[in-house]
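Worksheet for the structure shown next.
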Amino acid sequence: MSPKKYILEMFPYPSGNIHMGHVRNYVIGDVCARYHKLKGDDVIHPMGWDAFGLPAENAAIQYKTHPQDWTLSNIENMKKQLQKLNLDLDWDREIATCNENYYRYQQELFIDLFNAGLAYKKDALVNWDPVDQTVLANEQVIDGKGWRTGAKVEKKILSQWFFKITNYAEELLTDLDKLELWPEKVKTMQKNWIGKSTGAEIKFEISNNMGFLNIFTTRPDTIYGATFIAVSINHKIVSEFLNEKSIKKIKQEFDQVGDDKDKIGIKLNITCKHPLLDKNIPIYIANFVLDNYGEGAIFGCPGHDERDFEFAKKYSLPVIKVIECDDKDLPYAGDGKVINSPLLNGLKKDDAIKKIINHFNENGKGKEKINYKIRDWGVSRQRYWGCPIPVIYYEDGSYRVLDKSELPVLLPYDVSLESKGNALLNKDSWRETLCPKTKKIAFRETDTLDTFVDSSWYYIRFLDNKLEKPFDPKQVNKLLPVDKYIGGIEHAILHLLYSRFFMKALRDIYGLKVDEPFKQLFTQGMITHKTYKTSKNEWVMPKEVVIKNKQFSRLKTGEVIEEGPSEKMSKSKKNVVEPDEILDNYGIDATRIFMISDSPPERELEWTDEGIQSSKNLTNRIERYFSKKLNEADDEVEKKVEKFVFEIEKNILSFSLNKCVADIYTIFNYLEKRDIYLYDDKLSEKILTCLFPILPKLSSSLNKSLFKKNSFKNWPTINEDLLFESKIKLPIQIQGKLITVVETKKGYSEDEILKNIYKLDKIRNKIGNKEVTKIINVQNKIINIILN
RNA sequence: GCGCCAGUGGCGGAAUGGUAGACGCGCUGGUCUUAGGAACCAGUGGGCAACCGUGGGGGUUCGAGUCCCUCCUGGCGCACCA
């Protein structure tokens with residue numbers, strides 16, 4: 001049986017039109033897929049649509065259409081565009097996440113997750129995007145702003161559904177090491193996001209028997225230097241000592257500080273006992289304490305923490321040095337000998353940490369603690385165009401997650417989208433229902449699932465998109481993981497982390513044997529293009545710009561135009577080129593060549609007119625080559641063709657597709673230089689076969705016209721004897737500097753070649769009357785003569 | 001601030017520690033033309049030369065673009081993570 005290869009490109013959001021970024025992404029995948037098919041592998045290469053999401057709702061309002069109609073017609077159009085690209089895709093595996101046939105099985109998975117304790121509901125302080133009127137996951141908040149709207153995110157308490165991704169924090173972290181074929185960069189980003197840190201949780205007793213305060217620290221060795229406690233404004237202790245009005249006032253005060261990192265604090269009227277010393281230390285509410293990390297509370301050790309130091313200076317709190325260092329180095333956060341700490345004096349950091357944790361363990365005042373930055377994944381979205389969450393609520397506020405037999409919960413078509421917010425909430429005829437089990441009046445959950453849930457398992461559904469359950473475990477075990485997953489780096493955390501979590505959760509629920517969904521990840525670079533502006537800072541499309549005497553001006557008006565840097569193609573900067581136009585002008589093969597030729601696929605590619613034109617010239621040249629009158633090849637040609645096959649294969653496998661293009665130029669440069677127009681059917685067929693993954697249209701049509709064949713046979717097997725030249729050019733160095741290059745046979749004898757070398761004038765002159773002390777002979781590679 | 005990655009001709013980029021600049025673009029000169037978004041030929045790192053050249057400085061090595069240390073510059077990510 002032939003080995004399977006699952007090659008997948010990230011499926012697109014059906015925004016209406018494909019853009020050059022898609023083209024590059026899908027061409028890279030297509031080259032791989034076509035190569036593996038020629039190799040005889042059982043290739044899975046599906047395509048689908050990430051079809052739920054907010055743009056559909058916005059477009060619906062703007063164009064007075066329906067999200068579903070808008071989405072489906074976009075899919076239709078984009079599918080046509082993709083087909084025009086003639087990609088070798090398994091269209092029979094196609095899925096769209098907004099189809100009932102997809103999301104009803106997602107509802108099953110939700111029930112599975114719930115039953116496994118991995119989906120739960122809680123009141124939570126959430127990120128509220130006031131523009132989109134919906135909750136955002138932590139991952140979707142960037143610099144305190146919504147990832148799509150850029151609006152300042154508000155904090156709100158709402159009852160929300162969560163997936164317990166934190167259960168898998170440790171495994172998600174350690175398994176990164178198994179992902180040898182992922183870019184280090186992505187792994188580092190995920191590692192930072194998971195944010196594991198080891199330390200201790202310490203109990204601080206609040207004075208006057210008013211309870212305890214838990215504090216997480218990575219530096220329990222500095223506990224003797226603690227001179228204050230600081231808690232976040234959202235810490236529960238705050239509401240015990242202050243009324244809502246004053247809390248609100250403090251929040252406003254903190255808000256005013258805003259993005260600059262000034263530290264301010266409000267002293268509470270209570271104190272904490274130091275866990276080791278007979279003294280009380282003050283408690284502050286401080287703006288720099290994060291409420292979503294650790295316990296939302298810290299102990300301040302100004303001697304050995306920069307932030308605490310700054311705070312202590314501002315509020316005249318004592319600074320106690322407990323790690324040996326120069327006073328001028330304070331605050332000193334490094335390692336060192338512990339001082340001024342009765343139990344720990346003289347110890348180094350690690351030993352001190354061990355000892356103090358032991359001590360706390362014994363007296364019950366603390367313990368070792370591993371803390372993760374990652375939070376559970378909030379999946380509720382207050383939106384219409386998403387997968388309904390299969391839950392109903394009763395009048396008493398209790399809820400029930402539906403049985404699988406009660407599915408699907410279909411999204412109603414007939415809704416009003418005019419007003420802001422969630423259309424499902426206003427759709428009473430849908431929302432109100434009768435619970436079939438209890439016969440009681442019930443209300444459907446009106447939140448829908450984050451669309452990142454949709455994309456967390458689509459690669460599994462592709463295995464069988466018609467199955468009447470989410471997937472077949474046997475098939476999953478056989479066909480997953482995805483062998484090559486190709487897409488943009490922008491998904492380094494969100495989509496890729498969620499998918500990894502889903503795979504692990506489903507593995508545990510269904511007893512699957514797959515730990516990771518994507519064996520190899522390849523992140524392709526973006527496409528950039530020069531930008532042009534008028535003096536009024538108006539963006540101008542590149543095709544409107546003409547150059548005369550090194551002056552840029554606008555074609556129609558003659559306005560002076562300034563050329564800007566090459567930036568990521570975007571509609572707002574007007575520096576996009578439309579795939580349809582390019583395909584019409586240059587054809588599929590030239591477009592494919594350009595997508596991979598000018599820079600390595602993982603780096604950015606600058607769009608240039610010269611680039612696409614020279615790609616077209618190459619395809620023309622190949623066509624011309626094969627139209628010439630034939631003549632005979634010789635052994636050397638055979639060797640060069642063999643080398644070509646070998647290089648192309650190596651370069652496809654390592655995603656060095658730019659080098660594949662160089663290989664194509666090299667072989668045709670050689671053949672034309674020697675005026676060899678291949679007579680040998682075998683050799684020209686070999687060349688055409690190797691061209692097929694990259695230039696499918698041209699190579700197929702040549703295959704047909706030259707050999708009357710409709711398809712290619714297998715990828716050529718390489719004859720290694722032909723690969724290595726018997727004659728080689730051997731560089732000769734003296735003292736490590738290149739002097740000359742001699743031609744010799746492979747496997748020469750050292751003595752013999754030296755005899756010949758010493759005869760050369762260049763060498764004799766260099767050696768002069770110096771003594772040769774050593775000869776470095778790296779067989780078939782280089783000879784280095786060392787003189788005294 | 002922390003972390004990661006990268007600095008090679010005019011430009012994009014090649015080089016398992018072993019001939020730096022493959023291949024392409026651009027440029028220069030030429031050829032051919034029913035004049036093209038051609039095609040073909042020659043050349044193209046610097047320097048008159050010996051030689052010098054992979055961001056700067058040091059090191060390891062017979063030999064460094066490649067490995068180590070250090071600094072500089074640029075990009076990306078994270079960012080008060082206790």
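Throughout, a chain's letter reflects where its sequence line sits, starting with A, and its residues are numbered from 1.
A gap of 14 Å separates the P atoms of A6(B) and G17(B), to the nearest Å. Taking atom C1' in both G24(B) and U44(B), the straight-line distance is 14 Å, to the nearest Å. Between G18(B) and A64(B), the two C1' atoms lie 10 Å apart (nearest whole Å). C27(B) and U19(B) are spaced 32 Å apart, taking the P atom of each and rounding to whole Å. G56(B) and C48(B) have their C1' atoms separated by 30 Å, with the value rounded to a whole Å. Using atom P as the reference point in both A20(B) and U66(B), the two lie 14 Å apart (nearest Å). Distance check on atom C1': G65(B) versus G13(B) gives 14 Å, rounded to whole Å. Only the P atoms considered, U70(B) is 23 Å distant from G63(B), to the nearest whole Å.
Proximity note for Y665(A) (side chain, C-beta onward) versus A82(B), C62(B), G24(B): the nearest is G24(B). The Q613(A) side chain lies nearest to G37(B) when the options are C23(B), C40(B), G37(B). Checking A82(B), C80(B), C23(B) against every side-chain atom of N287(A), the shortest atom distance belongs to C80(B). For S599(A), the side-chain atoms get nearest to G13(B) when compared with the rest of C23(B), G13(B), C25(B). Proximity note for I782(A) (side chain, C-beta onward) versus A82(B), U19(B), G12(B): the nearest is U19(B). Picking from C23(B), A14(B), C78(B) the nucleotide with the shortest atom distance to the side chain of P600(A) gives A14(B).
Ring-plane geometry between F299(A) and F204(A) is classed as tilted, the angle between the planes lying from 30 to 60 degrees on a 0 to 90 degree scale. Ring geometry for Y315(A) against F311(A) counts as tilted: the plane angle lies between 30° and 60°, on a 0 to 90° scale.
With hydrogens and angles disregarded, a donor-acceptor distance shorter than 3.5 Å links the side chain of N575(A) to the backbone of E567(A).
Across all strands, K643(A) comes closer than 4.0 Å to no nucleic acid atom at all (heavy-atom distances). Nucleic acid contact class of D663(A) (heavy atoms, under 4.0 Å, all strands): none. As judged by a 4.0 angstrom heavy-atom cut-off over every strand, L738(A) is placed among residues touching the sugar-phosphate backbone only. Contacts of N617(A) with the nucleic acid, taken as non-hydrogen atoms under 4.0 Å apart, involve only primed sugar atoms and P, OP1 or OP2. Among the protein residues, D305(A) comes within range of no part of the nucleic acid, since none of its heavy atoms lies under 4.0 Å from any strand. Using a 4.0 Å heavy-atom criterion, one finds that F299(A) contacts no nucleic acid atom at all. Residue T740(A) is classed as having no contact, given no heavy-atom separation below 4.0 Å to the nucleic acid. Base engagement by Q733(A) is indicated by at least one non-hydrogen atom pair under 4.0 Å involving a base atom. Within the 4.0 angstrom heavy-atom criterion, no nucleotide atom of any strand lies near K650(A). Contacts of T666(A) with the nucleic acid, taken as non-hydrogen atoms under 4.0 Å apart, involve only primed sugar atoms and P, OP1 or OP2. Among the heavy atoms of the strands lying under 4.0 Å from K737(A) are primed sugar atoms or P, OP1, OP2 only; no base atom is included. Using a 4.0 Å heavy-atom criterion, one finds that I786(A) contacts the sugar-phosphate atoms exclusively.
Atom P of nucleotide C80(B) and atom CG of D308(A) are separated by 14 Å, given to the nearest angstrom. Between the CH2 atom of W193(A) and the C1' atom of G3(B) there is a distance of 16 Å, given to the nearest Å. The interatomic distance linking E610(A) (CD) with C11(B) (P) rounds to 15 Å, in whole Å. Atoms CD (E604(A)) and P (G74(B)) sit 16 Å apart, rounded to a whole Å. Here the P atom of nucleotide C80(B) and the NZ atom of K314(A) are 17 Å apart, to the nearest Å. Between the NZ atom of K659(A) and the P atom of G21(B) there is a distance of 16 Å, rounded to whole Å. As a whole-Å value, the separation of N784(A) CG from A64(B) C1' is 13 Å. Put simply, CG on D609(A) is 16 Å from C1' on G24(B), counting in whole angstrom units.
Look at R621(A) and you won't find any side-chain N or O under 4.0 angstrom from OP1 or OP2 of A39(B). Put simply, R603(A) has a side-chain N or O that comes within less than 4.0 Å of OP1 or OP2 on A14(B). Remark: K766(A) is in phosphate contact with C51(B), judged by side-chain N or O atoms under 4.0 Å from OP1 or OP2. For A42(B), one of the phosphate oxygens OP1 or OP2 lies less than 4.0 angstrom from a side-chain nitrogen or oxygen of K673(A). For the pair S197(A) and A82(B), the criterion of a side-chain N or O lying under 4.0 Å from OP1 or OP2 is met. In terms of phosphate contacts, K185(A) brings no side-chain nitrogen or oxygen within less than 4.0 Å of OP1 or OP2 of C78(B). Residue N777(A) places none of its side-chain N or O atoms closer than 4.0 Å to OP1 or OP2 of G18(B). The phosphate of A38(B) has neither OP1 nor OP2 within less than 4.0 Å of any side-chain N or O from N620(A).
Judged by Watson-Crick or G-U wobble contacts below 3.5 Å, the nucleotide G77(B) has C2(B) as its partner. Nucleotide C67(B) has G59(B) as its partner under the Watson-Crick or G-U criteria, with both atom distances under 3.5 Å. Base-pair partner of A35(B): not found among the strands shown (Watson-Crick or G-U wobble, both distances under 3.5 Å). When Watson-Crick and G-U wobble pairs are counted only if both distances are under 3.5 Å, A14(B) pairs with no nucleotide at all. Nucleotide C40(B) has G30(B) as its partner under the Watson-Crick or G-U criteria, with both atom distances under 3.5 Å.
G43(B) adopts an anti glycosidic conformation, its chi angle falling more than 90° from 0.
Looking at residues two or more places apart in sequence or on another chain, you find no side-chain hydrogen bond (donor to acceptor under 3.5 Å, both in side chains) involving D308(A).
Judged by distance alone with a 3.5 Å cut-off, a donor-acceptor contact links the side chain of K781(A) to the base of U16(B).
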Residue pair K354(A), D221(A): steps toward the side-chain contact (heavy atoms from CB on, under 4.5 Å) verdict: CA-CA 9 Å; K354(A) 266 182 216 151; D221(A) 55 316; over 6 Å; no
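At least one cation-pi condition fails for K196(A) and Y372(A): the charged atom is not both under 6.0 angstrom from the six-membered ring centre and inside a 45 degree cone around its axis. Both cation-pi conditions hold for K263(A) and F288(A): the charged atom is under 6.0 angstrom from the six-membered ring centre and inside a 45 degree cone around its axis.
Comparing N371(A) and S597(A) by the nucleotide of RNA chain B whose heavy atom lies nearest to each, the residue mapping closer to the 5' end is S597(A). Remark on RNA chain B: of its neighbouring residues T188(A) and Y586(A), the 5'-side contact belongs to T188(A), judged by nearest-heavy-atom nucleotide.
Residues E606(A) and T528(A) have side chains that never bring a donor and an acceptor to within less than 3.5 angstrom of each other.
Residues W182(A) and F522(A) keep their aromatic ring centres 6.0 Å or farther apart.
When all heavy atoms are compared, the tightest approach of L723(A) to K643(A) is CD2-CA, 3.6 Å.
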